[in-house]
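Remarks on the structure that follows.
All residue numbers in this chain count up from 1 along the given sequence.
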Amino acid sequence: MKKEIIINETADQIRIAITEDGKLAEIFVESPGKERMVGDIYLGKIARVMSGIRAAFIDIGHKQDAFLHFSDVDPNIDEYSSLIGEEDSEIDEDDDDDVEVPAKLPEGGSTGRDPSSSSGTSTQTSRSPVVDGRPQNGSRPQSGQRPQRFPQREIHLDRGQSIIVQVTKEPVGKKGVRVTSKVSLPGRYLVLLPFDGRIGVSKKLYNFREKKRLRRIIRSLLPEGFGVIIRTVAEGKEEELLKNDLEQLVKTWREIEKSLKTEQPPILLYKDLSTVSSVIRDLFNNEVQRVVVDSRRLYKEITTYVKWFAPTLVDKIEFYRGKQAIFEVFGVAKDMQESLGRRVPLKTGGYLVIDVTEAMTVIDVNSGRYAASKEQEQNSLRTNLEASREIIRQLRLRDIGGIIVIDFIDLEDERNKRKVYEELRKEFRRDRAKATVLPMTEFGLVQITRQRIRQNIMQSFSETCPVCAGTGIVQSRATVLTEITGWINKYKSEGRGRMLKFIVHPYLASYLREGRPSHLFSLMWKNKLLIKLESNGTVPVNSFKVYSNSLKKDITEDFKA
């Protein structure tokens, strides 16, 4: 698979596109005033403890308090005052490095897996055998036995208490950021766990001998009280590179410790890398054919950064000198425009319809073309398989999270349903966000939960329509005419004067002038009024304003029903 990173800088935005085989797979955006927050570490103050929902709200100096679920509270929170972690304890199970790689970059960036995924787990595995009432050893009750209920881990948090937290999820809509007290510092090859003394290895690192070698090296270098997760890119790397990465992370944490002694909450303790630097740090590896940048400033910044941690990759960085827009040349602009649409075409002639609601995202798969009944099953399977691939690409590109329901074209053969399910699972292996896929139901529905960290691409590139408030529909013109009639009836009973000026949107004005006699003439004739109609594009399409000539003022609100 050909993978490229295309970076475009404009006067007010930095856009980073990840392409796979020439098609846009992911897009990150950073704008002034909307810098990414995931990975930032704060010294906060507990504002409220809501035991009923097992959560607390933390004042970190933002307009909205941060949300901290009890499952994201470190078991060693009482040791924060001394800033000493547990003793080293090597763990046998591997920790997926995707928890450290920015799954998505909020407003253009992020630094870590979202512990607020559907499972409610956090970026680091709890050292407690039970988290939120669930056994952590994978044991299941035997057949015929009632499942054993495990007590929930007790969490002691007090209002006004200071606490160290790290942002794991960007604010979405009216919701504030989500945070965890299980702090981690990501580097190029390692992720430092200041309050956890274990050594974990990425699940994507399969070579047993290499895992053993890396553990041995890290164990000899790791300061007492710290833990580490070894990332996939550490495979085959020399001890010196790992040592430099670890020393830099420990140095960063020591600086955070110093500030803790003098600062008062709420205060930002640590700001993670910029969007561009974090993408290069976490996604630029040997699988990437090249990085193309159209900004000389960013080109120098990236080159300098890569020389420090991966000199062998410097030759893959290119400065774009063309006159045509870089996103046009690489076909990114077209894919971006498509990602904003509700309807997505498929090569087979079918298409997807993607609707985002408050509770979930619903995707409808349509065949588009008629097929003879004898070929219907195979054509439906072919369209569903193509749709599966495109759906996963759209989920990644739009960064859609939460609950997703897909309505596939009906299939009769259970084997074909299984093929669609397996195709979805296969495509999700490209996705760095955690996802759970359930088999297709008898109604042809597939249910998915996907990790959500930041606002999706629609929220990044668009705003809610001020007229329809995001519903996509407005009142009909006939309904607005009924409201005008009601207003006139109330005016006649309470107001004075026969001359009025109605100011409406041009779309409504054209409707009022329609018909023989027109709607406007009928209003004047029935109510014995002289109405002057004025078109104004600034007036909402489903509203109107009324000006009284005799009073010389706006009287719209005076006679509203």
Side-chain angles (χ1 to χ4, degrees), residues 33-47 56-68 72-86 100 102 106-107 109-112 115 122-124 157-171 176-188 190-197 221-229 243-275 277-278 281-282 305 308-309:
K34 291 187 177 181
E35 292 81 7
R36 68 190 188 91
M37 297 169 58
V38 172
D40 294 350
I41 300 175
Y42 289 84
L43 176 61
K45 181 182 290 186
I46 297 176
F57 290 90
I58 315 298
D59 177 11
I60 59 173
H62 291 186
K63 185 177 180 180
Q64 296 169 309
D65 290 338
F67 179 83
L68 173 66
D72 294 325
V73 176
D74 194 290
N76 297 309
I77 189 170
D78 294 335
E79 302 179 18
Y80 280 4
S81 57
S82 59
L83 293 176
I84 298 176
E86 286 185 344
E100 306 85 55
E107 300 300 337
S110 86
T111 307
S122 61
T123 56
Q124 301 168 26
L157 297 175
D158 298 316
R159 184 176 179 180
Q161 175 184 345
S162 296
I163 183 172
I164 304 171
V165 292
Q166 185 170 31
V167 178
T168 59
K169 180 179 177 182
E170 290 284 333
V177 299
R178 181 155 180 169
V179 296
T180 178
S181 70
K182 303 172 184 180
V183 177
S184 63
L185 287 178
R188 171 66 177 178
L190 308 169
V191 176
L192 185 70
L193 312 177
F195 302 125
D196 194 327
L221 299 173
L222 194 63
E224 185 178 354
F226 288 94
V228 154
I229 295 176
K243 180 181 178 182
N244 292 340
D245 199 28
L246 179 60
E247 287 178 349
Q248 184 62 41
L249 292 173
V250 172
K251 180 182 177 182
T252 300
W253 180 251
R254 295 302 187 199
E255 292 173 355
I256 294 173
E257 283 184 331
K258 288 181 181 179
S259 62
L260 279 170
K261 298 176 182 178
T262 57
E263 300 291 353
Q264 294 296 320
I267 189 72
L268 175 65
L269 298 173
Y270 169 76
K271 181 72 180 172
D272 201 18
L273 297 176
S274 67
T275 302
S277 296
S278 65
R281 177 191 67 192
D282 298 313
Y305 185 51
W308 175 71
F309 72 77

If we only count heavy atoms from C-beta on, is the [X] to [Y] side-chain gap below 4.5 Å?
X      : Y      : result
Ile256 : Ile41  : yes
Ile164 : Val183 : yes
Val250 : Pro223 : yes
His62  : Tyr42  : yes
Phe226 : Pro194 : yes
Leu273 : Tyr305 : yes
Val177 : Phe67  : no
Arg178 : Val167 : no

So, Asp40 and Lys271, do they make that salt bridge, N to O below 4.0 Å? yes
State plainly whether the residues Asp282 and Arg188 are in salt-bridge range, i.e. N to O under 4.0 Å. no
Heavy atoms only: give me the nearest [X]-[Y] pair and the separation to one decimal.
X      : Y      : result
Ser181 : Leu68  : N-CD1, 4.0 Å
Arg281 : Pro186 : NH1-O, 3.5 Å
Gly39  : Gln166 : O-NE2, 3.0 Å
Val191 : Ser184 : CG1-CB, 3.8 Å
Gly44  : Ile60  : CA-CG2, 4.3 Å
Leu157 : Gln161 : CA-OE1, 3.6 Å

Apply side-chain contact (heavy atoms from CB on, under 4.5 Å) to Thr180 and Val165, showing your working. CA-CA 5 Å; Thr180 178; Val165 292; over 6 Å; no
Separation between [atom1] of [X] and [atom2] of [Y], rounded to the nearest 0.5 Å:
X      : Y      : atom1 : atom2 : value
Ile267 : Ser162 : CD1   : OG    : 12.0 Å
Ile58  : Ile46  : CD1   : CD1   : 4.5 Å
Asp59  : Ile163 : CG    : CD1   : 12.5 Å
Asn244 : Leu249 : CG    : CG    : 11.0 Å
Lys182 : Thr168 : NZ    : OG1   : 11.0 Å

Can you tell me if Asp245 uses its side chain to pair, donor with acceptor, with the backbone of Gly187 under 3.5 Å? no
Does the Glu170 side chain pair with the main chain of Met37, one donor and one acceptor, at a distance under 3.5 Å? yes
Run the salt bridge (charged side-chain N to carboxylate O under 4.0 Å, His left out) check on Glu257 and Arg254 step by step: do they pass? CA-CA 5 Å; Glu257 283 184 331; Arg254 295 302 187 199; 3.1 Å; yes
What residues form a side-chain hydrogen bond (donor to acceptor under 3.5 Å, both in side chains) with Tyr270, not counting sequence neighbours? Asp272
How far apart are the C-alpha atoms of Leu193 and Val228, what are their side-chain angles, what is the distance that settles it, and do they pass the side-chain contact (heavy atoms from CB on, under 4.5 Å) test? CA-CA 5 Å; Leu193 312 177; Val228 154; 5.9 Å; no
